[in-house]
Amino acid sequence: MVLNLFIVRIPIIWPPKQVNAYIVKGVNESLIIDAGPDLFLSKVVLQRDLERIKVDFKRSVFLMTHSHIDHSGLIERCAGGSKVYVGYKEVESLFKDEKEEIKNVVAFAVENGFPEHTAALITRFMFRRHPKKYLEPIPLRDGDVIEVGDYKFRCIETPGHTRGHICLYDQERRMLVSGDHILSNITPNISSWSYEEDLLSTYLFSLKRTYEINAHLILPGHGRPFIGLRRRVLELIDHYRSRLLEILNVIGYRSCDAYWITSKMKWNMKSSFWDHMLGVQEWLAFGETLACLNFLVKLRVIERRTLRGRALYNITDVDAIEVLNDYFSRLYKTLTS
Ligand SMILES: [Zn+2]
């Protein structure tokens with residue numbers, strides 16, 4: 001058995017500073033899984049490594065685990081005319097009207113207390129989409145199989161980090177290409193940018209499904225490959241449980257907005273002080289808080305009221321912590337049963 005799978009660690013200019021592309025070398029065609037952003041330096045590094053392993057970008061097929069620009073940018077820009085596999089729920093995100101999306105997200109952020117000027121600047125960067133004249137993505141659904149060389153990958157839908165995120169599982173090697181669904185030493189960002197989306201519940205359900213797969217080797221979208229999927233899934237569930245409890249404690253008896261709540265929480269980012277956070281990190285932290293708040297609203301332990309154009313949150317259930325603990329006890333039971 002020849003292990004024709006390579007990892008290219010591509011530098012990016014924002015945290016976490018690097019993204020992984022995985023190259024599966026086939027006889028006639030190779031598969032490139034995530035290819036980094038559409039940045040000059042990232043492109044140079046990928047091209048250099050492809051030459052080194054003798055893989056031709058133009059004779060490759062592509063797969064993006066999700067549509068965030070650090071994973072999909074180069075594919076969107078350069079892979080037109082080649083096969084590009086994408087989770088079927090992610091296809092819509094790729095072709096969204098950029099202006100409309102930015103307008104809606106900025107309005108949502110401002111209603112939740114984020115400064116308008118910074119929100120406008122960041123969304124223009126984060127929600128930017130490339131022109132995709134020649135891109136015709138091939139949508140993948142759960143259970144679809146892609147074969148390249150010795151490898152047979154099954155698509156596993158893992159929504160949460162994005163609506164249509166997918167992982168790839170090679171059953172024979174018990175190897176999971178996990179994109180940003182599961183990372184080794186950082187938590188994947190789970191953000192909500194509308195009131196309708198409860199991506200945290202969705203993500204927890206995806207974690208439960210991944211736990212059942214019980215893969216051995218994990219190839220993540222950032223950081224180094226690692227073993228111990230089940231341990232990591234449990235750590236991530238614990239992390240979100242603590243986060244939700246922290247939010248309930250921060251709200252206490254107050255009625256407050258999401259931006260204020262975010263500023264009172266502990267964040268393990270480059271700078272531990274809120275005032276010194278980079279704008280993008282502040283934005284990501286804010287998005288995480290909103291995902292948690294949507295989750296708690298859906299659980300009916302807090303409520304959201306809009307007052308003079310501002311969304312405020314307060315606790316409605318005196319047993320909120322108990323209700324939350326019950327939710328997670330049930331989740332843990334489904335994992336071990
Ligand atoms: Zn991502």
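For ligands, and for the atoms within them, numbers begin at 1 and follow the listed sequence. Only heavy atoms go into these numbers, but all of them, side chains included; no hydrogens, no water, no symmetry mates.
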### Task
Could you tell me which residues satisfy salt bridge (charged side-chain N to carboxylate O under 4.0 Å, His left out) with D170, sequence neighbours excluded, listed by chain and number?
R173

### Task
Verify the ring-centre separation between H71 and H222: is it less than 6.0 angstrom?
yes

### Task
For the Zn ion (ligand 1), report each protein N, O or S atom nearer than 2.8 Å, sorted by chain and then by residue number.
H66 NE2, H68 ND1, H161 NE2, D180 OD2

### Task
Start with the C-alpha gap between T162 and E90, add the side-chain angles, then the distance that decides, and say whether side chain to side chain donor-acceptor pair (under 3.5 Å) holds.
CA-CA 8 Å; T162 63; E90 203 73 350; 2.9 Å; yes

### Task
Taking all heavy atoms of I75 and all of D34, pick out the closest pair and write down the distance.
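Looking at all heavy atoms of both residues, the closest pair is CD1-CA, 4.1 Å.
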
### Task
If a pair satisfies salt bridge (charged side-chain N to carboxylate O under 4.0 Å, His left out) and one of its residues is in residues 225-235, list it, with sequence neighbours excluded.
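Pairs touching residues 225-235 that pass the test: R231-E235, R232-E235.
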
### Query
Is there any side-chain hydrogen bond (donor to acceptor under 3.5 Å, both in side chains) pair reaching into residues 111-126, and which pairs are they, with sequence neighbours excluded?
E111-Y195, N112-Y195, N112-Y313

